[in-house]
Structure formats: C-alpha cells, structure tokens
K.L.:
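Let me begin by handing over the structure; questions about it come next.
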Amino acid sequence: MSSDEKPDGRTAAPRSLAEALRARDDASLAALLRARPDLITPVPTDLTQLATRAGTRASVVRALERLDRFALQTAEALAVAGDPASYDELLGLMAGDDGDATVAAALPRAVATLREQALVWGGDDRLRLVRTARELLAPSPQHPSPTGLGPTVQEATAGMSPGRIQELVAAAGLPSTHDAVSAAAALTALFTDRERMAKLLGQAPAEAREVLSRLVWGPPYGQVTADPAAHLRWLLDRGLLLPTAPGTVVLPREVALHLRGGRAHRETEPVPPPVEPAGPTGTRQGSPQVVDATAAGQAYTALATVEELLKDWDEGGPAVLRAGGLSVRDLKRTAVALDVSEPVAAFWVELAYAAGLIASDGEADERYAATPAHDEWRERPAADRWADLAGAWLAATRTAGLVGGRDAKDRTLAALGPGLDRSVAPEVRRRVLALLAALPAGTSPDPESVLARLRWERPLRGPQQEDDLRSRLARWTLQEAELLGVTGRGALSSHGRALLGAPEPHAADDAARTQGSPDVPDTPGDKLPVHHRAAPAGVPAAGTVPPGPADPQARAAARAAAARLLAPLLPEPLDHVLLQADLTAVAPGPLQRPLADVLDVLADVESKGGATVYRFTPASVRRALDAGRSASDLHAFLAAHSRTPVPQPLAYLIDDVARRHGHLRVGAASAYVRCDDDAVLNEILADKRSAALRLRRLAPTVLAAQADPAALLEGLRALGYAPAAESAEGDVVITRADARRTPPRTPPEPVPEGPPVPDATLLAAAVRAIRAGDLASTAPRKAPGTPPAPGELPRTSPAETLATVQAAVLTGEALWIGYVNADGAASQRVIAPVRVEGGFVTAYDHTADEVRTYPLHRITGVAELADD
C-alpha cells in the first residue's frame with residue numbers, strides 16, 4: 001500500500017502544498033509554470049523547493065495581481081473563511097444564504113484557477129489558501145480586507161480580560177464558561193446561529209441597528225466616546241461591537257456575515273461584463289467593407305505621415321536633450337510640420353522610433369536622424385511598410401501617451417526620452433484588440449464597456465482608481481489603432497484581425513463571445529470534481545497570455561497576412577501628375593517612389609488629402625538645381641510625367657532660376673563670394689541688407705565675408721540671389737536630401753513584464769528536471785545513524801563512499817548521492833553504479849535518465865535506498 005493511500009484505498013489528503021504538487025501530473029505542473037513563470041527562474045531542484053518559491057511574498061503578489069475579479073473575490077472569501085474551509089462553506093460565502101445560481105456555476109472555474117496557480121491546495125473538503133496569500137488578503141487594522149469584514153470574535157477578544165469576556169457572555173444570555181477561549185467560542189456559536197442571532201437583534205434598539213447597518217459593509221471600525229450612548233452601550237455589552245483600542249470598536253466578522261446574509265462581498269461578479277457595441281440599437285453594426293475601406297484610408301494616411309516626418313528629419317532632425325529625448329519646442333515644431341496635435345505628433349515620433357526608422361546619430365552634437373533601415377523600408381510595398389509599423393506598435397512597450405506627464409521624480413517625460421516604457425502595454429493592446437475581434441465583424445465597441453471588461457480581468461488591488469494605468473493604456477490603444485488604420489470607425493478591420501492572429505468571427509458564436517457568459521453544465525451525470533471542471537466559455541483563465549502569435553515566425557506570418565489583406569485596399573501608385581498654369585501640380589493619388597522623391601525636391605507641398613497639390617517656387621527650383629539637376633533635366637522630367645503640357649510660366653521659372661543659379665560662387669576662405677560679373681558684386685555691396693554679412697572687395701570678381709559659408713549662402717538667398725556652394729577645388733557642391741543618416745541602429749527592445757513565459761520545450765525540460773530532483777530527494781534510504789534533513793546532501797567519508805559504491809556495483813542496487821559540480825552547484829541524484837575505476841564512478845543516473853561519469857571526490861556522500 002502506498003504511503004499516500006488510506007486503508008480503504010482512498011487517496012490521503014495532502015498535508016502540504018509540496019505534497020499537493022507531487023500529486024499533479026506533468027501537464028498540470030507545466031500549466032503552473034506557464035501561469036507563474038517566475039517560479040522557473042531558476043529551475044527548482046525539486047517539488048519542495050517549487051512549493052517554497054510559490055509561497056514567497058513577491059511571487060504570490062504577482063499571481064494575485066493576474067487573477068480576474070471573481071477569482072480574486074474567491075481568494076478573498078477563503079481568506080476570511082476557516083482554515084481549512086470546505087467547498088460548501090466557500091460557496092456560502094460567495095452566494096450567501098439565499099444562493100445564487102450564477103455564482104454557483106462560476107465558482108468551480110475560480111477554484112480551479114486558484115488551484116492551478118498553486119494559491120489554493122487540498123481537496124474540496126479541505127481547501128487551504130497558501131499562508132502568504134492569507135496574510136495578504138485577511139483583514140487587519142493596517143490592511144483592511146476588500147470584503148469590508150473585520151476580525152473574528154476569537155481575534156478581537158484575544159487581549160480582553162477573562163472577566164470582561166464573561167460579562168459579554170452573560171449579557172448575551174449565554175451560560176458562563178470556565179475560560180476565555182470557551183467563552184469566545186460560545187459567542188462565535190451564537191453569532192453564527194441564524195435563528196438565535198435574529199432573536200437577539202430583534203431586541204436591539206432602532207439606533208443600535210442603524211449603527212450596525214453603517215458598519216456592516218465596511219469599514220468595520222468606528223469611534224466611541226468614554227461614555228457611549230445607551231444604544232452603543234447595548235451593542236458593547238453583548239459583544240456585537242468589540243473594543244480594539246481606546247475609543248475604537250470593531251464589528252466582529254461573524255456578526256457582519258449574519259447581517260449580510262452570509263455574503264463575503266457586497267457585489268459578487270462571477271461573469272465578466274460584456275463588451276457592448278457603440279451607438280443606439282440599429283446602428284451598432286456597420287458594413288465590414290466600409291470598415292476595411294476606412295481603415296485602409298487611415299493606413300495610407302499613417303504611411304504618408306511617417307514619410308513626412310522622416311523627410312523632415314532626412315538632413316538631420318532635432319537635437320537630443322542632455323537627459324535624452326525631444327525638447328518641448330522641437331515637439332511643437334514637429335506637430336506643426338505634420339499638421340497634427342502635439343500628443344499625436346509624439347505618437348508618430350515614437351512609432352517611427354519603435355520601428356527602427358529614426359534614432360540618435362551618436363555624434364558629439366547629438367541629433368536625431370533617419371536610420372539606414374529607413375531607406376530599405378521606403379522601397380518596400382506600401383502594405384508591407386504598414387505591417388512593419390503596426391507590428392512594431394503592437395509589440396512596443398514605449399507608451400507615447402505618457403509624453404508630457406511627470407515621472408516619480410516630478411520630471412517631465414519627453415518624447416523619445418527615458419521613462420516611457422510600460423511593460424504591460426503590449427498585453428493591454430492585444431487584449432483590447434482581442435475584445436474587438438470577439439464582436440461581430442464591422443461592430444465598434446462602447447469604450448467604457450471595454451474598460452469595464454479590462455478592470456474585471458485585472459482588478460486593481462487596494463482602493464479603486466478611476467484613471468489607472470491599464471485603463472489609460474486601453475484608451476490610448478483605441479485612439480492609436482484608429483490613427484494607424486488597425487480599426488476603422490472604431491471597429492476592427494480584417495487586416496487588423498490578421499495582424500492580431502485572431503480567427504474570423506462566426507455568426508453562430510458572436511453573441512456568446514460578446515457576452516462571455518459561463519455555461520457550466522449541471523446535469524446529474526456531470527459530477528466531476530471541482531478542480532477538473534472546465535472553465536466557462538468566454539471567460540479567460542487568469543494569467544493567460546492574450547490571444548496572438550508568440551514566436552517571431554508566427555508574428556512575421558501574421559504581418560504578412562495583414563499586408564496581403566490590406567494591399568488590394570490601398571490605391572495604386574501613379575506615374576504622373578497634372579501641371580497647372582498657376583505653378584502648381586496636382587497628384588491625384590499616391591505617386592511612385594522615383595517620381596515622389598524628385599517632386600519633393602522640385603516643389604513644395606501646398607495641401608494634402610485625396611489629391612496632393614505641389615507648388616513650384618524659385619526656392620524649390622533652386623533646391624533641385626542644388627541637388628545636381630540641370631534645367632534641361634527638369635524640363636524633360638516634367639514633360640515625361642505630366643498628363644498636361646508643361647505650362648509656359650513653369651518653363652520660364654525653371655529657365656530664369658537656372659540662368660542665375662551658380663552665377664555667384666560661395667567658398668570657404670573664411671567665406672568668399674566670386675562672380676565673373678563685377679556689376680553683380682557692386683549691387684550686393686550697395687544693398688544695405690548685406691551689411692550683416694560684413695563683405696569687402698578683394699578683387700573685381702571676389703568678395704570676402706566674415707560669416708561662415710552656410711550663413712553667407714542663406715544671407716545671399718534671402719537677398720534674392722541663387723548662389724552655389726563651391727568646394728576647395730572650385731567645383732559646385734551638390735547637396736542631396738538624404739545626406740544625413742545615423743550609423744546602423746536596431747529598434748528599441750521591449751521591456752518585458754517580469755520573466756518571459758517559457759516555451760513548450762523549456763517547460764517539458766523543467767518539469768522533467770523537477771521530477772527527477774524530487775525523486776532523488778524523496779527516495780527512501782537505508783542511511784545509518786541520523787538521516788540528513790530534507791534538502792541536505794548525504795555526508796559520508798571518502799572511504800565509506802568508495803566502499804558503498806563498489807558494493808553497489810556488485811549487487812546492482814541504486815544509491816542516493818550528493819554531488820557538487822565544477823561550478824559549486826549541489827544536487828541530489830539517484831544512480832545505479834556500473835563500474836568504479838581511476839577515481840571515477842560510471843553509473844546510470846535515474847535523475848538525468850542517462851549514463852554519466854562522476855568524479856568520486858565530488859560526491860559528498862552516499863546512502864542506500866530502501867528495499868521498496
């Protein structure tokens with residue numbers, strides 16, 4: 001008979017969390033390590049160490065924070081129940097005396113979740129909350145319970161004099177007892193007896209009942225004077241209020257539960273609140289085609305905005321603050337250039353940074369600029385470029401919505417600066433989009449219902465805050481998804497669904513997914529134990545990762561699928577423009593890359609929208625000439641790409657600027673101007689506006705200036721001339737728009753929230769190692785003398801070790817050994833020695849399930865295993 005079985009054949013109840021874990025199968029252990037990845041870092045040596053680690057305060061706090069509201073309420077109820085508590089007692093605390101069918105249907109899932117996460121252990125007749133969780137959730141004066149309950153009668157009377165307790169017993173109409181403990185037990189029995197309590201409270205004055213009603217749902221503490229009123233004295237005399245400190249009284253837990261009808265919580269939330277469609281009935285669901293078209297339009301605008309930002313920073317962007325990030329002035333300037341608000345500008349800047357398209361150049365005068373990856377990104381198809389941006393946004397931990405706020409040291413948070421990472425951001429984004437994916441196609445959600453659902457799935461511990469981080473992240477996600485084109489008109493688009501990795505919705509289960517109502521069968525044949533009952537449909541298990549691809553290959557496949565769905569919805573790039581007589585060109589749609597690049601240099605963007613209007617100016621034509629184009633090149637380019645004849649004013653403008661371009665040459669002496677026509681130089685010297693340049697004539701065709709060449713170029717251009725920069729060899733310097741690039745940069749890595757979730761391979765290896773270590777530490781031994789304490793290595797002398805190992809080789813018996821490797825790490829192993837020679841023992845290691853060789857001097861000791 002196994003030591004875990006009773007004489008009647010039934011399995012004995014576990015006596016500790018370690019024993020409960022030992023009774024689990026490998027799949028259940030893997031589920032625990034997946035839900036609480038901090039337990040696997042590093043891999044525990046055995047199940048006892050795993051149980052110890054699962055009970056540490058930091059790990060328990062992390063596990064409690066990842067429970068949904070009903071599972072957390074269940075844990076809070078267990079914290080105020082007896083230890084251990086039966087399932088029926090727990091059900092009574094959750095459903096109350098009158099019962100609640102919804103609570104009864106959802107409670108098995110909550111208990112199963114707590115069991116899976118090793119926060120509760122034991123059978124349904126002896127449910128035990130781990131000690132650390134009970135300490136965190138049980139009521140105390142320093143940390144009130146979310147249930148609003150106070151201490152028990154036993155706890156509240158612990159410091160009370162025996163005489164005073166006997167007075168309470170007598171006033172309550174109970175016979176006196178021999179000691180304080182039995183007196184407190186008698187009061188407890190009275191307060192938990194519904195009939196006797198109803199009779200006692202029926203005698204209470206109306207004012208006394210009013211006092212109890214104010215304390216019943218918490219906080220249970222109140223203040224009294226040294227000479228309390230008659231109705232308060234009536235409550236104090238019968239123990240319905242108990243003193244905890246001078247002037248302070250508390251409502252005992254048993255009394256509060258009676259007044260509440262047995263409920264631990266005022267409002268129990270067994271079912272997640274549904275995500276409601278937005279708008280009145282009849283307008284909640286839009287056309288999926290309209291949603292996709294709207295989202296595609298937003299996606300095109302997003303690409304154009306990012307490209308505009310990168311073009312603005314092509315030749316070097318804003319300076320990097322000494323503390324890192326953009327200054328407020330530079331952010332405002334960027335917002336004006338993009339024609340958006342500052343928060344939206346911060347979003348686009350952070351998105352380009354997360355995608356690896358901009359970074360700091362690392363120079364002494366550090367500035368932001370486009371990265372080499374930007375040039376590769378620009379050459380890709382539009383749908384692929386959008387998928388890169390959307391994928392970077394979905395995985396980024398940097399949170400643009402925090403820009404302009406304050407950090408813990410009351411410093412302003414700057415765009416691209418430190419302090420913007422929030423590890424929970426990717427999880428919230430995925431979860432919000434997953435909730436949108438659960439709605440019927442084309443349906444936009446009510447934002448407040450989304451926030452209510454998220455608060456149910458991850459409730460805040462302690463006092464509720466209306467503007468908690470997860471709620472703000474959810475609001476920002478809805479806004480940013482619309483800006484990016486993941487959603488259209490508030491509804492998730494088909495390419496957004498593909499990016500998330502979510503399946504297409506089916507009409508049959510749309511309503512079930514939306515409502516998320518539990519559907520636990522309650523037929524006579526469904527009598528599975530509580531810990532084997534399945535989670536209700538639509539209710540996410542606590543601690544689960546939001547839906548979506550986890551490995552890089554799956555994410556890349558999701559991005560490719562999103563790009564394939566988006567591509568047909570984006571307009572095809574055009575190879576032509578429409579030139580007009582007012583020195584403008586109209587692009588009726590997106591332009592092909594070479595045409596767009598040249599036109600960006602040759603003209604200025606005047607307006608954007610469905611069609612882009614470009615305006616030709618002397619400055620823009622000069623810019624094209626500075627980039628190395630000639631007048632004939634520009635005439636040929638416009639004639640080749642215009643569906644209308646080149647207007648005469650535009651041809652005259654190009655010829656006029658080209659005729660004057662380079663007539664003046666500016667080089668670096670300090671700076672000089674030379675021109676073959678001395679009349680032009682006389683004109684410049686005579687112009688009063690040139691006084692700031694401090695020019696003087698060195699020769700009939702040369703002027704010297706005390707300004708640097710760049711300032712001299714700008715000054716002459718401001719006077720209406722078209723000077724050209726000159727190199728030291730006398731050649732014209734050609735400037736290109738893409739001259740400034742950072743060295744190769746990698747996108748910022750997301751900051752993970754705690755240890756990463758282990759993959760299936762690591763989980764299988766960890767479970768196997770924990771099982772093997774547990775086998776070694778729990779195997780019965782025939783060790784002489786005092787056996788080592790649990791977790792300690794066996795200790796024998798080298799001579800005893802060698803003799804025992806040699807004997808085991810002859811008999812074929814297994815041994816339990818302690819072993820210290822070259823790194824100093826100690827472990828316990830069960831081995832079957834095969835041979836001993838040269839100071840080494842070769843043996844089959846049951847722990848590692850393979851044949852290994854161990855140096856004898858690294859074996860701390862051996863012990864024979866028991867015969868069974």
K.L.:
With side chains defined as the heavy atoms from C-beta onward, is the minimum distance between Leu215 and Leu241 less than 4.5 Å?
P.N.:
yes

K.L.:
Got a donor-acceptor contact below 3.5 angstrom from the Glu427 side chain to the Val424 backbone?
P.N.:
no

K.L.:
Have a look at Glu254 and tell me which of Val153, Asp193, Leu259 forms a side-chain contact (heavy atoms from CB on, under 4.5 Å) with it.
P.N.:
Val153

K.L.:
Can you see whether Ser59 engages Arg36 through a side-chain donor-acceptor pair at a distance of less than 3.5 angstrom?
P.N.:
yes

K.L.:
Could you walk me through whether Leu469 and Arg472 pass side-chain contact (heavy atoms from CB on, under 4.5 Å), step by step?
P.N.:
CA-CA 5 Å; Leu469 176 61; Arg472 286 186 292 158; 3.8 Å; yes

K.L.:
If you look at every heavy atom in Gly122 and Pro14, which pair is closest and at what distance?
P.N.:
CA-CG, 4.2 Å

K.L.:
Going by the salt bridge (charged side-chain N to carboxylate O under 4.0 Å, His left out) test, which pairs reach into residues 79-94, not counting sequence neighbours?
P.N.:
Asp83-Arg128, Asp83-Arg134

K.L.:
So Phe191 and Leu240, do their side chains get closer than 4.5 Å, heavy atoms only?
P.N.:
yes

K.L.:
Go through it in stages, so that I can follow the logic: the residues are Asp468 and Arg458, the test is salt bridge (charged side-chain N to carboxylate O under 4.0 Å, His left out), and I'd like the CA-CA distance, side-chain angles, deciding distance and then a yes or no.
P.N.:
CA-CA 11 Å; Asp468 63 280; Arg458 291 284 190 278; over 6 Å; no

K.L.:
Tell me whether Thr132 contacts the main-chain N or O of Gly55 through its side chain, where contact means a donor paired with an acceptor under 3.5 Å.
P.N.:
yes

K.L.:
Given 3.5 Å as the limit, does a donor-acceptor pair link the side chain of Gln117 with the main chain of Ala35, or not?
P.N.:
no

K.L.:
What distance separates Leu484 CG from Gln479 CD, expressed to the nearest 0.5 Å?
P.N.:
13.5 Å

K.L.:
With side-chain contact (heavy atoms from CB on, under 4.5 Å) as the test, would you mind laying out the steps for Leu29 and Leu47 before giving the verdict?
P.N.:
CA-CA 10 Å; Leu29 282 180; Leu47 289 169; 4.0 Å; yes

K.L.:
Considering all heavy atoms of both residues, which atom of Phe70 and which atom of Met94 are nearest to each other, and what is their separation?
P.N.:
CE1-CE, 3.4 Å

K.L.:
So do the side chains of Arg263 and Leu93 get within less than 4.5 Å of each other, counting heavy atoms only?
P.N.:
no

K.L.:
Decide if atom CZ of Arg209 counts as having more than 12 heavy atoms of other residues, nucleotides or ligands within a radius under 6.0 Å.
P.N.:
yes

K.L.:
Within the side chain of Arg253, is there an N or O that forms a donor-acceptor pair under 3.5 Å with the backbone of Pro151?
P.N.:
no

K.L.:
According to side-chain contact (heavy atoms from CB on, under 4.5 Å), who are the partners of Leu451, at least two apart in sequence or on a separate chain?
P.N.:
Glu448, Arg455, Ser471, Ala474, Arg475

K.L.:
Could you tell me the separation between the CG atom of Leu114 and the CH2 atom of Trp121, rounded to the nearest 0.5 Å?
P.N.:
14.5 Å

K.L.:
With respect to Thr113, which candidate in Glu116, Arg109, Arg115 satisfies the side-chain contact (heavy atoms from CB on, under 4.5 Å) definition?
P.N.:
Arg109

K.L.:
Roughly how far, to the nearest 0.5 Å, is the OG1 atom of Thr248 from the CG atom of Leu242?
P.N.:
13.0 Å

K.L.:
Look only at the side chain of Thr56 and the backbone of Arg53, and say whether a donor-acceptor pair between them is shorter than 3.5 Å.
P.N.:
yes

K.L.:
Give the minimum heavy-atom separation between Pro272 and Arg453, together with the two atoms involved.
P.N.:
CB-NE, 3.5 Å

K.L.:
So do His258 and Leu201 actually touch side chain to side chain, heavy atoms under 4.5 Å?
P.N.:
yes

K.L.:
Over all heavy atoms of both residues, which pair between Gly239 and Pro252 is shortest? Give the atoms and the distance, please.
P.N.:
O-CG, 3.6 Å

K.L.:
Look only at the side chain of Thr399 and the backbone of Thr397, and say whether a donor-acceptor pair between them is shorter than 3.5 Å.
P.N.:
yes

K.L.:
Judged by atom type as modelled, is there a donor-acceptor pair below 3.5 Å linking the side chain of Ser145 to the main-chain atoms of Thr147?
P.N.:
yes

K.L.:
Please round to the nearest 0.5 Å and tell me the distance separating atom OG of Ser86 and atom CG of Leu127.
P.N.:
7.5 Å

K.L.:
Is the count of non-hydrogen atoms from other residues, nucleotides or ligands lying under 6.0 Å from Arg194 atom CZ greater than 12?
P.N.:
yes

K.L.:
Are more than 12 heavy atoms, taken from residues, nucleotides or ligands other than Asp25, located less than 6.0 Å from that residue's CG atom?
P.N.:
yes

K.L.:
For the CG atom of Leu136 and the CD atom of Glu76, what is their distance to the nearest 0.5 Å?
P.N.:
11.0 Å

K.L.:
Between the side chain of Thr487 and the main-chain N/O of Gly490, is any donor-acceptor distance below 3.5 Å?
P.N.:
no

K.L.:
Got a second to check how far Leu478's CG is from Leu433's CG, nearest 0.5 Å?
P.N.:
8.0 Å

K.L.:
Decide yes or no on side-chain contact (heavy atoms from CB on, under 4.5 Å) for Leu33 and Leu762, but give the supporting numbers first.
P.N.:
CA-CA 10 Å; Leu33 298 178; Leu762 177 58; over 6 Å; no

K.L.:
Is a salt bridge present between Arg470 and Glu457, judged by a nitrogen-to-oxygen distance below 4.0 Å?
P.N.:
no

K.L.:
Taking side chain as C-beta onward, heavy atoms only, is Val80 less than 4.5 Å from Leu257?
P.N.:
no

K.L.:
Are any of the side-chain heavy atoms of Arg24 and Leu32 separated by less than 4.5 Å?
P.N.:
yes

K.L.:
Just so I know, are the side chains of Met197 and Val255 near enough to count as touching, which here means a heavy-atom distance under 4.5 Å?
P.N.:
yes

K.L.:
Without swapping roles, check the side chain of Gln73 against the backbone of Pro270 for a donor-acceptor pair under 3.5 Å.
P.N.:
no

K.L.:
If you take all heavy atoms of Ala558 and Leu499, which pair is closest and at what distance?
P.N.:
CB-O, 3.7 Å

K.L.:
Let me see the working for Arg497 and Leu436 under side-chain contact (heavy atoms from CB on, under 4.5 Å), right down to the final yes or no.
P.N.:
CA-CA 9 Å; Arg497 190 183 303 275; Leu436 269 61; over 6 Å; no

K.L.:
Measure the shortest side-chain to side-chain distance between Thr102 and Thr268 over non-hydrogen atoms and say whether it is less than 4.5 angstrom.
P.N.:
no

K.L.:
With a 3.5 Å distance limit and no angle check, can you tell me whether Arg429 reaches the backbone of Trp393 through a side-chain donor-acceptor pair?
P.N.:
yes

K.L.:
Provide the closest heavy-atom pair for Asp100 versus Ala95 in the form atom of the first, atom of the second, distance.
P.N.:
N-CB, 3.6 Å

